[in-house]
> 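I have a structure here, written as structure tokens, and I will follow up with some questions on it.
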Amino acid sequence: MSLSVARRTIATPVFLGLLLVAFALVALAVGSKPFNQTIIDIFLKVIFVVGLWVFIGNSGVISFGHTAFACLGGYVAAWTTIKPMMKGMSMPGLPDWLMQTEIPFWASAVVAAGWAALWALIFGSVLMRLSGIAASIATFAMLAMVNSIYSNWDSVTAATSSVVGIPIVRSIWPYLIAALIAVFAAWAYGISRHGLALRAARDEPTAAAASGIDIPAARLIAFVISGAIMGMGGALYAHSIGIVTPDTFYLGLAFITLSMLVVGGMGSLSGAVLGVLILSSLIQILRWLEAGVDIGTTTFALPGGVQEIALGAVMILILMFRPAGIMGNRDLSLPRKAASEPEGLKGPKT
Amino acid sequence: MGSLLQIVFDALALGSLYALAALGIALIFGVMRLVNFAHGDVIAFSVFALLWPSVDAVAIVFAGNLPWFLLIPFALAIGAGLSVLSEIVVFRRFRRANPATMMIASFALGFVIRYFLLMLFSSRPKSISLLPALSQPVEIFGARIPLLQLITIVVTIAVLFGLIAFLRRTRFGLEMRAAAENFTMARMLGVRANRVIMGAFALSGALAAAIALILGSQTGTANIMMGANVMLMAFIATVIGGMGSLAGAVLAGFLLGAVATVMQVILPPDARAFRDAFVYGAVILVLIFRPQGLLSARGTKERV
């Protein structure tokens with residue numbers, strides 16, 4: 001059964017993966033440095049939003065707090081990859097063994113995923129007992145708590161000043177690979193026994209509980225997996241820009257990732273990925289427009305913020321007219337072929 | 001004695017602020033199940049409405065120069081107006097949406113308001129002197145209490161009693177309570193839904209403006225993020241108090257203020273910077289033992 005589900009739905013991650021590879025190839029063809037950075041940024045957002053989807057999409061519980069895990073991951077990258085000499089100056093409170101550690105960036109991403117997953121387990125075992133709006137606000141409190149700790153713990157996070165010296169990785173391939181890992185991991189979780197159970201609990205909590213699904217436990221699994229993906233994304237984010245501050249991973253990032261998920265449609269993995277691609281393109285266009293208007297005028301520079309206002313407005317409009325997002329709850333797959341096969345549409349759609 | 005009294009007043013003043021904000025959140029949640037993430041930005045907007053748009057560090061005070069008996073109604077009207085406007089333009093279209101969708105829409109709306117302010121005023125905090133007469137201390141039983149603190153507490157208590165009277169004694173208040181209890185049933189019995197919801201938004205916006213005035217004169221700065229922290233505490237207060245319970249929200253607001261103030265005093269100096277983190281931790285502890293809140297409102301329990 002599970003194997004046939006896998007065969008039926010494998011088209012989705014493959015298609016999304018190909019889309020991401022296509023973006024990477026475009027970046028390679030254009031070859032300009034700022035554009036490279038834009039594509040890296042898109043891949044990072046894909047990781048974050050897919051991480052969010054694993055929890056929000058499958059459980060139906062809105063979490064505002066997942067950027068906290070990205071924050072944890074980002075600082076793991078700072079702790080493990082900065083040269084020991086520099087660490088001593090900016091973060092003197094680190095334990096000795098950590099002070100001496102210097103590992104490659106991919107290893108820091110793995111460690112970051114583990115560290116974030118650990119904290120997701122700890123926070124999740126408390127938060128997953130709540131549901132609905134109370135759960136959402138509790139995740140918000142979690143984000144504020146992590147931010148407050150990282151903004152004040154002078155000796156190991158350098159407080160609100162930025163931690164510099166994280167080795168910068170400029171090649172787009174590691175980010176592409178990480179985004180692909182995130183997409184395939186999310187897909188695999190989504191069709192796994194736990195993912196299906198959680199989606200059942202999302203749609204019909206009473207019936208699911210009556211069928212023996214332990215809803216808090218099912219949510220906790222999703223929370224930990226999504227925390228791990230966010231942690232990996234946070235570490236890579238740190239490597240893409242070379243610095244971290246607590247406010248890099250606060251409300252701004254939370255809003256942008258959540259809006260990408262909502263715009264794309266939080267009911268499906270394709271929605272998560274397409275939301276990133278669509279909104280990132282929109283942001284890029286708005287940026288170009290802002291710059292373009294700036295040249296023609298005399299002293300009046302188009303103030304920053306137009307981009308965010310437009311983004312917020314687009315999001316409200318999409319919520320008004322397509323509350324389920326652009327993709328609705330559907331996933332990208334091979335549409336006609338599946339329909340023409342006699343057995344293809346018999347089963348319930350995933 | 002004096003320092004103890006000081007702590008009590010500190011706790012009451014901070015708690016008043018949280019209680020007013022929590023009330024603003026709970027009022028709207030009560031009638032339409034909307035968790036209004038734009039509330040903090042309404043607070044910020046009400047302060048900035050008193051200034052003339054500029055990107056300088058020193059604020060060009062515009063309406064803020066009015067005498068207090070004009071300034072206060074003006075600010076309250078701005079807050080209520082923005083809040084009602086957001087209802088008419090945005091939230092009215094979400095009547096049938098589920099709470100999560102509305103919550104995200106309000107998040108987006110708050111983002112729009114914040115960046116609108118950023119566009120006009122830049123993100124730099126500005127120094128303003130709002131109602132400067134209030135920062136003088138008064139002496140009570142040997143404790144020196146800023147006059148503003150005293151006024152904050154008195155105003156909050158007055159607002160609470162006013163609100164109770166309004167909800168209990170007037171027809172509009174009755175309709176609002178009925179709508180909070182069972183919205184569909186209230187409509188069937190002739191409560192005009194849009195009017196009640198608009199009333200809730202107006203009240204909530206006016207409360208936000210009151211917080212804005214207090215915060216503005218307390219800190220002497222205007223910052224586009226100034227509402228965020230209060231709003232977060234207000235959310236937490238509404239959750240701890242039991243979603244939709246007005247009394248619970250107020251109680252939890254005062255409780256949070258007290259916990260924060262006491263922690264400020266009893267924590268060792270090294271840990272004081274983490275005060276907020278401790279408060280959030282305490283909140284999570286409360287939620288473990290009472291996930292439905294301290295006073296859970298009727299009608300908010302998920303029915304099967």
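Every chain is numbered from 1, with letters handed out A, B, ... down the list of sequences.
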> Where is the tightest heavy-atom contact between A/Ile137 and B/Phe235, given as atom of each residue plus distance?
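Heavy-atom minimum between the residues: CG2-CB, 3.7 Å.
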> Please classify the contact between B/Phe37 and chain A as side chain, backbone, both or neither, with a heavy-atom cut-off of under 4.5 Å.
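Interface part for B/Phe37: side chain.
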> CZ/B/Phe91 to CE/A/Met320 distance, rounded to the nearest 0.5 angstrom?
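Answer rounded to 0.5 Å: 9.0 Å.
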> What are the two closest non-hydrogen atoms of B/Val112 and A/Ala313, and how far apart are they?
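The answer is CG2-N, 3.8 Å.
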> Please look at B/Met102 and chain A and tell me whether the side chain, the backbone, both or neither of the residue comes under 4.5 angstrom of a heavy atom of that chain.
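Neither part.
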> Using non-hydrogen atoms only, which part of B/Val90 is less than 4.5 Å away from chain A: side chain, backbone, both, or neither?
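Contact with chain A involves both backbone and side-chain atoms of B/Val90.
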> At a 4.5 Å cut-off on heavy atoms, which part of B/Phe111 comes close to chain A: side chain, backbone, both, or neither?
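For B/Phe111, side-chain heavy atoms alone lie under 4.5 Å from chain A.
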> Could you name the residues of residues 138-145 of chain A that have a heavy atom within less than 4.5 Å of a heavy atom in chain B?
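At a heavy-atom separation under 4.5 Å, chain B is reached by A/Ala138, A/Phe140, A/Ala141, A/Ala144, A/Met145.
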> Rounded at 0.5 Å granularity, tell me how far CE in B/Met119 sits from CD in A/Glu308.
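The distance works out to 11.0 Å.
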> Can you tell me how far OH of B/Tyr115 sits from CG of A/Leu311, rounded to the nearest 0.5 angstrom?
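Those atoms lie 10.0 Å apart.
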> Check each atom of B/Ile240 against the heavy atoms of chain A and say whether the ones under 4.5 Å are side chain, backbone, both or neither.
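Neither part, no heavy atoms under 4.5 Å.
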> What class does the angle between the rings of B/Phe107 and A/Phe64 fall in, given that below 30° is parallel, 30 to 60° is tilted and above 60° is perpendicular?
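Aromatic pair B/Phe107/A/Phe64 classed tilted.
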> Using every non-hydrogen atom in the two residues, find where A/Ile316 and B/Ala108 come nearest and quote the distance to one decimal.
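Here A/Ile316 and B/Ala108 meet closest at CG1-CB, 3.7 Å.
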> Who passes salt bridge (charged side-chain N to carboxylate O under 4.0 Å, His left out) against B/Arg93, sequence neighbours left out?
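Not a single residue meets the salt bridge (charged side-chain N to carboxylate O under 4.0 Å, His left out) criterion with B/Arg93.
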> So, do B/Met225 and A/Leu251 sit near enough that their side-chain heavy atoms are less than 4.5 Å apart?
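The answer is yes, as the side chains (C-beta and beyond) meet within the 4.5 Å cut-off.
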> Quick one: which of B/Ile104, B/Ile236, B/Thr101 has the most heavy-atom pairs under 4.5 Å with chain A, could you say?
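Maximum pair count with chain A is reached by B/Ile104.
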> With side chain to side chain contact (heavy atoms under 4.5 Å, CB included) as the test, pick out the partner of A/Ser148 among B/Asn229, B/Val279, B/Asp276.
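Running side chain to side chain contact (heavy atoms under 4.5 Å, CB included) over B/Asn229, B/Val279, B/Asp276 with A/Ser148 returns exactly one hit, B/Asp276.
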> Contact part of B/Ala97 toward chain A, heavy-atom cut-off under 4.5 Å: side chain, backbone, both or neither?
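Neither part.
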> At what distance, to the nearest 0.5 angstrom, does CZ of B/Phe94 lie from CG of A/Leu319?
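Result: 5.0 Å between the selected atoms.
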> Relative to chain A, which of B/Leu117, B/Val239, B/Thr238 shows the most heavy atom pairs under 4.5 Å?
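Option with the top pair count is B/Val239.
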> Using heavy-atom distances under 4.5 Å, tell me whether A/Leu130 contacts chain B through its side chain, its backbone, both, or neither.
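Side chain only.
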> Which residues pass the side-chain hydrogen bond (donor to acceptor under 3.5 Å, both in side chains) test with A/Arg219, not counting sequence neighbours?
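Partners of A/Arg219 under the side-chain hydrogen bond (donor to acceptor under 3.5 Å, both in side chains) test: none.
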> Could you look at A/Ser136 and say if it's the side chain, the backbone, both or neither that has a heavy atom under 4.5 Å from chain B?
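Contact with chain B involves the side chain of A/Ser136 alone.
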> Please tabulate, for side-chain N and O atoms in residues 250-269 of chain B, each donor-acceptor pair with protein atoms closer than 3.5 Å (sequence neighbours left out).
unit_1: B/Thr261; atom_1: OG1; unit_2: B/Gly257; atom_2: O; d: 2.7
unit_1: B/Gln264; atom_1: OE1; unit_2: B/Arg275; atom_2: NH1; d: 3.3

> Counting only non-hydrogen atoms closer than 4.5 Å, does A/Ile62 touch chain B with its backbone (N, CA, C, O), its side chain (CB onward), both, or neither?
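Answer is side chain: those atoms of A/Ile62 sit under 4.5 Å from chain B.
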